[in-house]
Protein chains: 2
Amino acid sequence: MDSSAVTACVLIIGNEILSGRTQDTNLQHIALTLGQWGIQVREARVVPDVEEIIVDSVNEARNGFDYVFTTGGIGPTHDDITAECIAKAFAVPLVTHPEIARMLETRPAPPDVMAARMRMARVPEGASLVDNTTGGPPGFRIENVYVMAGIPGVMKAMLGSLEGKLKSGPVVRSRSVTAFLGESTIAQALAEIQEKFPDVDLGSYPFFRQERYGTSLVMRGTDEATLDATLDAVKSAIIAAGETPQDVQHG
Amino acid sequence: MDSSAVTACVLIIGNEILSGRTQDTNLQHIALTLGQWGIQVREARVVPDVEEIIVDSVNEARNGFDYVFTTGGIGPTHDDITAECIAKAFAVPLVTHPEIARMLETRPAPPDVMAARMRMARVPEGASLVDNTTGGPPGFRIENVYVMAGIPGVMKAMLGSLEGKLKSGPVVRSRSVTAFLGESTIAQALAEIQEKFPDVDLGSYPFFRQERYGTSLVMRGTDEATLDATLDAVKSAIIAAGETPQDVQHG
């Protein structure tokens, strides 16, 4: 893998994903968005709302990747423990951020409601804010860890606000082509093509549709010319196997 | 948490999930299915098609949880490396399973195609098979690690074949109710209810629909009577806040 690559780990925090109650869609959005920005998601973890596990996961991830993006657990209720876990991971106090506090205080509320709302102003000492253009309270950043909401619409707004503000490596581009061929039929040719183009990541993803077996061949890499050469080789292999390359896409 | 709980970790193996090209849906299905069987998914990891990472993740997971379920990487192409990684994780040789080999040999093919197909007969020494009722080659099990296909339809068939064959703990049941209330409004009441019923996991999941903010309150636990008492307390809190409990569900 390219040593100039900028990498990320996504931490999805929430019992509701692990119980199966909620289908996560945040990972895909984050992966596609960061990919366009030249940041490669190399791992994702779904962890429960358990302090020790969140703290350990954050520490492993922030040491192993250029960036960490978390989703979930930053609301006002007792089960929102992400901010305090991040503070513990960095061994810094959890403090009230004056800017968020002012924002929350503009809407009047009874004392107990305001107290709950103020939970959302708590950030690890030294954190800066991640804008929330949906109007709610912001997320935050500390060092290389970005803490975002779990609600997809709010997460998207927070992530979007980071465009142009992160360091980036080469953007991974893709080519793909499908063929109505069993994978085994072209497996040997694919292995040879992968060997010939080691800088391209060549994946084969079988499917069953229109009552037929087929496979999608996906090439990913940072050099457009090498990708095109790989695509040509894969198309030739499909033709040599007696089928027609279909649905060629450049990404 | 209940010490009689039976736990699982899900390992989703595949670059296509991390690149965002494919939206994973396997985790949700596995979590819901295992949940019904009395097995709690406590963590999930999405890892790339990189040997060292897969080996390390399998070893961490199999030592940390009662069960590990993997998806992806067991096809016939060069990028299908799960079987060899699992063998490495267990430090056993990768061998050809005679039963799978016989199954694959029944369909005639040219030598190179048959050779590719035979990749799917390779299992770690000592592995047993996980049935694949879709007609394709099976998955396999070694100790507490179950290795399944990534294609959702095939994964479902493999997982389904394990029904009644796994050890199980208490089944986690749920109650849920929604209210058109901001979370902060009932945050204090929810914290008090959580404190009163420590064996119940009470989660609050905000949403925005019909142009209004609301929240879903979800209670999870193994004792039906305690869940019902918690639900009553949450409904009372919603009513005390001037709203109407809606969409009560028992799961």
Side-chain angles (χ1 to χ4, degrees), chain A residues 10 14-25 27-33 35 40-49 53 75-80 109 112-117 119 150-151 153 172 174 182-185 187-188 190-191 194 201-208 218 220, chain B residues 10 14-25 27-33 35 40-49 53 75-80 109 112-117 119 151 153 172 174 182-185 187-188 190-191 194 201-208 215 218 220:
Chain A
V10 176
N15 292 343
E16 71 280 18
I17 310 292
L18 288 174
S19 72
R21 180 177 177 272
T22 302
Q23 165 69 55
D24 172 72
T25 58
L27 172 59
Q28 185 178 36
H29 178 82
I30 295 170
L32 290 171
T33 304
Q40 300 173 30
V41 174
R42 291 276 176 87
E43 186 173 316
R45 291 195 194 184
V46 189
V47 294
D49 302 328
I53 299 175
T77 51
H78 65 280
D79 55 331
D80 291 304
D112 65 316
V113 177
M114 188 59 83
R117 218 183 270 167
R119 281 177 63 86
I151 304 178
V172 175
S174 70
E183 280 191 295
S184 303
T185 310
Q188 190 182 310
L190 294 176
Q194 177 67 85
D201 172 30
L202 170 58
S204 174
Y205 304 105
F207 60 79
F208 184 74
V218 180
R220 298 174 59 79
Chain B
V10 176
N15 292 343
E16 73 278 19
I17 309 293
L18 288 174
S19 72
R21 180 178 176 271
T22 302
Q23 165 69 54
D24 172 73
T25 57
L27 173 58
Q28 185 177 37
H29 178 81
I30 295 170
L32 290 172
T33 303
Q40 300 174 29
V41 174
R42 290 277 175 86
E43 187 172 316
R45 290 194 194 186
V46 189
V47 294
D49 301 328
I53 299 175
T77 52
H78 64 280
D79 56 329
D80 290 305
D112 66 315
V113 177
M114 188 58 83
R117 217 183 271 167
R119 280 177 65 86
I151 304 178
V172 175
S174 70
E183 280 191 295
S184 303
T185 311
Q188 190 182 310
L190 294 176
Q194 178 67 86
D201 172 29
L202 171 58
S204 174
Y205 305 105
F207 60 79
F208 184 75
T215 187
V218 180
R220 298 174 58 80

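Values below: every heavy atom of this structure, side chains too, minus hydrogens, waters and symmetry copies. Quick note on labels: first sequence line is chain A, next is B, and so on, each numbered from 1.
With chain A as partner, the option from B:V47, B:L190, B:T33, B:L18 having the largest number of non-hydrogen pairs under 4.5 angstrom is B:L18. Between chain B and the options A:M114, A:R117, A:E183, A:H29, heavy-atom pairs under 4.5 Å are most frequent for A:E183. For the options B:G182, B:A116, B:G75, heavy-atom pairs under 4.5 Å to chain A are most numerous at B:A116. Top candidate by heavy-atom pairs under 4.5 Å with chain A, chosen from B:G20, B:S184, B:A31, is B:S184. No other option in A:T25, A:D49, A:I53 has as many heavy-atom pairs under 4.5 Å with chain B as A:T25.
A donor-acceptor pair under 3.5 Å is formed between the side chain of A:Q23 and the backbone N or O of B:D24.
The side-chain contact (heavy atoms from CB on, under 4.5 Å) search around B:S174 returns B:R220, not counting sequence neighbours. Evaluation of the salt bridge (Lys or Arg N to Asp or Glu O under 4.0 Å) rule for B:R45 yields B:E43, B:E60 as partners, not counting sequence neighbours.
Rounding to the nearest 0.5 angstrom, the gap separating the CD atom in B:Q40 from the CG atom in A:N15 is 10.0 Å. For the atom pair CD of B:Q194 and OG1 of A:T77, the computed distance is 10.0 Å after rounding to the nearest 0.5 Å.
With a threshold of 4.5 angstrom between heavy atoms, B:Y205 approaches chain A through side-chain atoms but not through N, CA, C or O. Of the two parts of A:V41, the backbone and the side chain both hold a non-hydrogen atom closer than 4.5 Å to a non-hydrogen atom of chain B. Only the backbone of B:T22 comes within contact range of chain A, with at least one heavy atom under 4.5 Å from a heavy atom of that chain. Contact annotation for B:L27: only side-chain heavy atoms (C-beta onward) come within less than 4.5 Å of a heavy atom of chain A. The part of B:I151 that comes within reach of chain A is its side chain, from C-beta onward, which places non-hydrogen atoms under 4.5 angstrom from that chain. In this structure, no portion of B:I30 lies under 4.5 Å from any heavy atom of chain A.
Heavy atoms only, all atoms of each residue included: A:S19 and B:L32 are closest at O-CD2, 3.6 Å. Contact record, B:S204 with A:D79: N-OD2, 2.9 Å, taken as the closest heavy-atom pair.
Side-chain contact between A:H78 and B:L202 is present, with heavy atoms from C-beta onward closer than 4.5 Å. For the pair A:E16/B:V218, no side-chain contact is recorded, criterion being any heavy-atom separation below 4.5 Å from C-beta on.
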